[in-house]
Amino acid sequence: MAGSPRVGVLALQGDVREHARVLEGLGADVSLVRRPEELAAVDGLVLPGGESTVIDKLARAFGLAEPLRAAIADGLPVFGTCAGLILLADRVLDGAEGQQSFGGLDVVVRRNAFGRQTESFETSLDIDGFDAPVHATFIRAPLIESVGARATAIGTLPDGGVVAVEQGRLIGTSFHPEVAGEDRFHRRFLAHVETR
Ligand code: GLN
């Protein structure tokens with residue numbers, strides 16, 4: 001492939017800049033995606049953390065939800081963190097009334113799955129394919145309650161709860177690697193973009 005990979009960050013709401021910064025640090029050509037034309041111009045997309053209900057509503061209002069659904073089905077590499085994972089999941093539990101996801105990832109996630117005292121926490125996690133643990137920041141995070149046959153758990157909490165999955169060119173994490181400057185998931189995502 002000639003030049004840097006062209007990747008987008010869905011920029012409707014959430015921690016867009018943190019992701020753009022990590023991707024730029026890895027040499028990617030990063031653009032912010034809000035419209036279907038902008039989606040059509042990228043070879044991979046990051047769905048940031050934020051509030052999945054808001055991102056869902058805005059994506060539908062901007063006419064982006066359907067093209068994005070189609071692009072994912074067509075093999076677009078996507079990396080979703082936290083709210084982004086929720087948007088990528090085929091099924092969402094404890095969603096808001098009428099909440100939809102783009103889907104693609106064969107998992108069931110539960111929104112805001114961690115109780116009050118652990119609403120936000122940080123921990124060190126082993127991830128399949130990484131040779132050292134990641135520093136994982138959970139902020140009102142979802143839990144992956146069930147992993148379907150097409151997806152693979154790549155990270156679990158000590159109690160066995162699944163918090164990172166991969167399925168072909170899709171990656172989803174319950175936590176935010178980008179806030180601590182962790183770049184290995186983004187590298188993995190860019191590798192999916194380059195081998196597409
Ligand atoms: N609780 C948020 C939601 O349901 C996700 C939080 C996050 O992305 N940090 O969308």
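Quick note: residue numbers are just sequence positions, from 1. Start at 1 and go down the list; that is how both ligands and their atoms are numbered. These numbers come from the heavy atoms of this one structure, side chains and all, not from hydrogens, waters or symmetry mates.
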ask   = What part of Glu51 sits under 4.0 Å from ligand 1 if we count only heavy atoms: the side chain, the backbone, both or neither?
value = both

remark   = Quick look: Ile86 vs ligand 1, heavy-atom contacts under 4.0 Å, and the answer is side chain

ask   = Which residue from Gly50, Ala83, Ser174 reaches closest to atom 6 (C) of ligand 1 through any of its heavy atoms?
value = Gly50

ask   = For atom 4 (O) of ligand 1, what is the nearest protein heavy atom, given as residue, atom name and distance?
value = Arg111 NE, 2.7 Å

ask   = How far is atom 3 (C) of ligand 1 from its nearest protein heavy atom, and which residue and atom is that?
value = Ser52 OG, 3.5 Å

remark   = When Arg169, Arg6, Arg196 are each screened for salt bridge (Lys or Arg N to Asp or Glu O under 4.0 Å) with Asp43, the one that passes is Arg6

ask   = Do NZ/NE/NH1/NH2 and the carboxylate oxygens of Arg140 and Glu51 come within less than 4.0 Å?
value = no

With a 3.5 Å distance limit and no angle check, can you tell me whether [X] reaches the backbone of [Y] through a side-chain donor-acceptor pair?
X: Glu97; Y: Gln99; answer: no
X: Arg69; Y: Ser101; answer: yes
X: Arg111; Y: Pro142; answer: no

Give yes or no for whether the N/O distance cutoff of 3.5 Å, strictly under, is met between [X] and ligand 1.
X: Gly49; value: no
X: Thr53; value: no
X: Asn112; value: yes
X: Ile139; value: yes

inquiry  = I'd like to check which ligand 1 atoms, numbered from 1 as shown, lie under 4.0 Å from a non-hydrogen atom of Arg140.
reply    = 1 (N), 2 (C), 5 (C), 6 (C)

Atoms in ligand 1 flagged as close to Cys82, the criterion being non-hydrogen separation under 4.0 Å = 5 (C), 6 (C), 7 (C), 8 (O), 9 (N)

ask   = Do the side-chain N and O atoms of Glu122 and His135 include a donor-acceptor pair separated by under 3.5 angstrom?
value = yes

task = Under the ring-ring contact (aromatic ring centres under 6.0 Å, His included) rule, what do Phe175 and Phe185 come out as? Steps first, then yes or no, please.
result = CA-CA 11 Å; Phe175 51 90; Phe185 287 98; 5.7 Å; yes

key: cation_pi(Arg187, Phe130) dist<6.0 Å, angle<=45   = no

